[in-house]
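Working notes, beginning with the structure itself.
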Amino acid sequence: RPLVPLLLGFEPYLRLRGLFRERLALIEQALPRAAHDLGAQARLQLARGECLRELGDLSGATRVWTEVMRTATPSSPVWAQAHIRVAEAVEVDGRIDQAIELLQAAMAVALPGGVEADARAGLAHALRRRGQVDGARNQAQRAHAWYVQHGDPTGTAAMAYELGVLAMFGNDQAGAERHFEQAIVVAESIAARLYAAAARLGLGILRAAQGQLEQAITLISSSVTDFEHMEHPHRLGSAQYSLAAAYLERGDAASALVVAGDGLRSIEQVGAPRYVALLSSVIALAAHRLGDQPRAQRALQAADEYARGAQAEPNVVAAVRLAHAAVDGNPAHMAAATSAARAIDGDDAKLFLRLTVTAVSDARPRLVGSPRGLFRFAEQAIDLSRRHPLRRLLLALIDARIQHPGRALSFDELTEAGWPGEKLPYEHLSNRLHVALSTLRSLGLRQAIVSGERGYSLDPALEVELRAD
């Protein structure tokens, strides 16, 4: 019996550190010991539902929370907390209007300050998804103020992140950066890995919107790694969506396809229709850029199917419509989709406005070179006439692109091309190749050279020409 109050005080720290599986195991040990205390049992069940949700079992979490909501004393704090949790679950499933009704029901009764702030936080998120940005901002600000005033760092970090997203919706990039940085500082001060990773993801999305794609990819990749370690499929799939989009915006369609495919496998564990629709739309644009129209069309069909479960989100509808217009190539459809997307306050609509420009640009990137080592890419001259290993590497990539489109050159093929006949330890050759490829990218070929499981190649979207002169 002493384990129950001990765990109720300790288990929130496991949540902050992303230790959901360990937290669930302790809760399940404590539940039989809490049979004498209905209040403690209800709190443990609420926490158990959180663990199931974070580990990807959304239906299991919903069942647990619904049972607490059914058995709790009406209008009690536990009853309200159960409403808040069920609202979170149905929102993930795309039922935003039902989530808003549940949250408003919780707020209609007299609640302790912390529970009311939690309800406002949930309502802010749901209203944002619904496209009601002003209402979302009002609720987020009120929740944030309560958390700050009462010294709740967890709530402060969560709402600073939410306010950062809302600032991006309103094109307030300075405000978004300020809120995300506050969220990171507060979360790291209490070792809250979950909220720190979420805030870095938000900052990465902001950097992408600012055109700072390398920094964006670094920030988002760190969040992907953290969510993988936490075994958090919902947040992981969300981060992989943002990472795939950043790769595509940078022009690396091949990497975008790989990461978006990983994102689908993550998010399908949860069943969040919005992210399946958005990830499928990214895959459609990436496949279109690579010239794989059958795959692009299959991805659009999947996007349409799952977008039906996210009709309450204008952002998702606009993104899928833009992807369709880009792949179909109909100028009238693109003009209409672009006009509709520009009327929406939302990060997904703004992102797809950028991505479709990349996907349908008439001016395809062009790389022209000669055996002497003179090259031109995207109107930039690159002279490798006196840098023989770099010249040989780039010529090998060009020859492979011309002779065998889509084929990547392996480590052995590249090292033999760059340093023919040299017999050195693997570590030395690996270091040489890494430095050489980094140098080529720094000379202006970053968007031209792509990597994959089989090696390195030139972006299949490039137009490549080798001239004798």
Side-chain angles (χ1 to χ4, degrees), residues 16-18 121 124-125 128-129 133 136-137 140-141 143-144 147-148 153-230 232 234-250 252 255-256 259-260 262-263 266-267 274-275 278-279 282 315 319 345-355:
L16 290 179
R17 286 154 180 76
H125 193 271
R128 167 165 67 83
R129 287 281 174 82
V133 176
R137 186 179 296 109
Q141 287 171 341
H144 182 261
Y147 292 135
V148 171
T154 305
T156 299
M159 280 301 95
Y161 165 80
E162 185 66 30
L163 287 168
V165 175
L166 289 164
M168 281 200 300
F169 274 38
N171 293 317
D172 179 8
Q173 294 189 346
E177 183 163 353
R178 184 174 65 254
H179 287 305
F180 287 140
E181 289 181 346
Q182 181 200 18
I184 292 170
V185 169
V186 173
E188 290 182 345
S189 73
I190 55 171
R193 292 177 60 206
L194 178 67
Y195 294 109
R200 281 196 303 276
L201 172 60
L203 189 57
I205 294 170
L206 175 63
R207 292 289 180 257
Q210 294 170 331
Q212 301 176 40
L213 291 171
E214 297 305 320
Q215 188 176 355
I217 288 170
T218 299
L219 285 163
I220 298 169
S221 295
S222 72
S223 295
V224 167
T225 300
D226 282 345
F227 292 138
E228 282 178 330
H229 289 163
M230 293 179 214
H232 198 312
H234 185 201
R235 291 184 186 266
L236 174 59
S238 168
Q240 287 167 323
Y241 155 61
S242 297
L243 182 59
Y247 276 128
L248 181 56
E249 192 170 3
R250 193 181 72 176
D252 188 353
S255 295
V259 175
D262 291 342
S266 299
I267 211 69
R274 79 176 314 270
Y275 284 115
L278 292 170
L279 282 158
V282 170
N315 248 309
D345 289 330
D347 52 347
D348 297 309
K350 291 182 175 68
L351 170 61
F352 273 79
L353 284 168
R354 303 196 306 269
L355 292 181

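Starting from 1, each residue takes its place in the sequence as its number.
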Under the 3.5 angstrom rule, does the side chain of Ser221 hit a backbone N or O of Ile217 as a donor-acceptor pair? yes

Smallest heavy-atom separation, Ala196 atom then Ala187 atom, equals N-CB, 3.5 Å

Is any side-chain N of the basic residue among Arg207 and Glu214 closer than 4.0 Å to the acidic one's carboxylate O? no

Distance-minimising heavy-atom pair for Ala157 and Ala183: O-CB, 3.5 Å

Using 0.5 Å steps for rounding, measure from the CE atom of Met159 to the OG1 atom of Thr154. 12.0 Å

Gap between atom CG of Leu351 and atom CD of Glu249 - 0.5 Å precision: 6.5 Å

On a heavy-atom basis, which atom in Ile267 and which in Gly237 lie closest, and how many Å separate them? CD1-CA, 4.1 Å

If every non-hydrogen atom of Leu163 is compared with every non-hydrogen atom of Arg137, which pair is closest and at what distance? CD2-O, 4.4 Å

Rounded to the nearest 0.5 Å, the CZ atom of Phe227 sits from the OG atom of Ser238 at a distance of 7.5 Å

In terms of heavy-atom contacts, Tyr147 and Ala121 come closest through OH-CB, 4.1 Å

Tell me if a side-chain donor or acceptor on Asp348 pairs with a main-chain N or O of Ala319 at a distance below 3.5 Å. no

How long is the span from the NE2 atom in His125 to the OH atom in Tyr161, to the nearest 0.5 Å? 6.5 Å

Could you check Ser223 against Arg200 for side chain to side chain donor-acceptor pair (under 3.5 Å), going step by step and ending with a plain yes or no? CA-CA 6 Å; Ser223 295; Arg200 281 196 303 276; 4.5 Å; no

Check for a donor-acceptor pair, side chain of Lys350 on one end and backbone N or O of Asn171 on the other, with a separation under 3.5 Å. no

Any side-chain to backbone donor/acceptor pair from Asn315 onto Ala349? Under 3.5 Å, distance only. yes

